[in-house]
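Keep in mind that what you see is a predicted model, and the values were worked out from it rather than measured. First the proteins, then the strands, lettered A, B, ... as listed; each starts at 1.
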Number of protein chains: 2
Amino acid sequence: MVKRTSFEGDACPIARSLEALGDWWSLLIIREALFGVRRFGEFQSKLGMAKNILAARLRSLVEHGILATAPASDGSAYQEYVLTPKGRGTFPILVALRQWSEEYDDHPEEIATILVDREKGRPVKKLEMRAEDGRLLAPADTTIRPRQPSKGVSRSRSG
Amino acid sequence: MVKRTSFEGDACPIARSLEALGDWWSLLIIREALFGVRRFGEFQSKLGMAKNILAARLRSLVEHGILATAPASDGSAYQEYVLTPKGRGTFPILVALRQWSEEYDDHPEEIATILVDREKGRPVKKLEMRAEDGRLLAPADTTIRPRQPSKGVSRSRSG
DNA sequence: CTTGTGTGGTTGCATAATAAAACCAAATGC
DNA sequence: GCATTTGGTTTTATTATGCAACCACACAAG
């Protein structure tokens, strides 16, 4: 088999999310959807991508339950693509990507926009990882554990 | 030109991070690197990917300043690939991807591992977005603003 | 209701990326 | 010194991407 490898059966949750989001366009489509874009042509013109691959991506996102098709809200017979709760749940991923660029990009002056708290207009704080009890955690303060500590879950690859 | 589109000059920080991280393998390579993997063969066997594309990805990650090559720590003449601070800075992205799978995956029972607080062994709390003053923010509480509110920054596309 | 136009795609073709396998040189182990 | 491991590159096949052309249906005007 020479097909592009799929992470579908992988036991690692990161690989699993990349299965749905890990291509060039999906996260940008979702970004636009979070901005309120709903129509095919609007995605196409804002992202400047080929229509056939947009169609393929939208289909894939719908299959993955990230977008859903709905009748157009303006009464026309066309359809719209709207985010599901699962789709809206990607928001922290987009924030993390954004903050990573803001912090480490080699040409930060080329970055056009910042994410701000709407009420105060001030930049959003960096995402931080915390323990259940609220303690701030650094990467080294965390570790990976088997999901069910003694029920014989075993699958491929690490995670 | 029919080349794969590049997001390099894009003004959106999300597109910019995807330029470096947005392919099938890069984030998984970084995941392994965060686990302590440093050697070519170790990446290759753990990820089960073709050697040529691993070589290409490692080269790309080095070019992007996410990995750096270093002489092997065990005294041998081989080299190692180690994360830079920029590379370690992707940690929140991986956490966000992981938590998204944990929350929304259709078959969560197939997920093998969970991220836990090392001290207590309890799951890490969901990433949350906060304002500078500590207020918890929902996506709708945030908005996008031009980076420099009145210095005439203008580039392509949204963000 | 007929004609024109915009929307939302699909199809065909050229090129680029990915994958598997073969190959290879340098480093290492014996 | 010789076999093996390591860390790749090369070759070739297949898949994905990107552009342009095409097309069906909705809609609007007359």
*Asks:* Got a salt bridge between B:Asp141 and A:Arg118, using NZ or NE/NH1/NH2 to carboxylate O under 4.0 Å?
*Replies:* no
*Asks:* Hey, are B:Ser73 and B:Glu80 close enough side-chain-wise for a donor-acceptor pair under 3.5 Å?
*Replies:* yes
*Asks:* Taking CD from A:Gln44 and P from D:dC19, how many angstroms apart are they, rounded to a whole number?
*Replies:* 10 Å
*Asks:* Contact class for A:Ala50 (heavy atom, under 4.0 Å): base, sugar-phosphate, or nothing?
*Replies:* base
*Asks:* With a 4.0 Å cutoff (strictly under), does any side-chain N or O of A:Trp25 reach OP1 or OP2 of D:dA16?
*Replies:* no
*Asks:* Starting at CG of A:Leu54 and ending at P of D:dA16, how long is that distance when rounded to a whole Å?
*Replies:* 17 Å
*Asks:* Send over the distance from B:Leu18 CG to D:dT17 C1', rounded to a whole Å.
*Replies:* 16 Å
*Asks:* Whole Å only: how far is the CD atom of A:Glu80 from the C1' atom of C:dG9?
*Replies:* 16 Å
*Asks:* With nearest nucleotides of DNA chain D determined for B:Thr5 and A:Gly75 from heavy-atom distances, which residue corresponds to the more 5′ nucleotide?
*Replies:* B:Thr5
*Asks:* Tell me, with the steps shown, if A:Phe91 and B:Trp100 meet ring-ring contact (aromatic ring centres under 6.0 Å, His included).
*Replies:* CA-CA 9 Å; A:Phe91 194 76; B:Trp100 185 74; over 10 Å; no
*Asks:* Linking I/L/V/M/F/W/Y whenever their side-chain heavy atoms sit closer than 4.5 Å, directly or via other members, would B:Ile111 and B:Ile114 fall into one cluster?
*Replies:* no
*Asks:* Produce a footprint string for nucleotides 3-9 of chain D: one letter per nucleotide, 5' end first; B if the base is under 4.0 Å from any protein heavy atom, S if only the sugar-phosphate is, - if neither.
*Replies:* --BSBBB
*Asks:* Starting at atom CD1 of B:Ile53, determine the distance to atom P of D:dT10, rounded to an integer number of angstrom.
*Replies:* 17 Å
*Asks:* Does CD in A:Glu8 sit with more than 12 non-hydrogen atoms of other residues, nucleotides or ligands closer than 6.0 Å?
*Replies:* no
*Asks:* Run the numbers on A:Glu109 and B:Arg147 for side-chain contact (heavy atoms from CB on, under 4.5 Å), then give the verdict.
*Replies:* CA-CA 9 Å; A:Glu109 74 280 2; B:Arg147 191 172 54 89; 4.0 Å; yes
*Asks:* From CE of B:Met49 over to C1' of C:dA17, roughly how many Å is that when rounded to an integer?
*Replies:* 12 Å
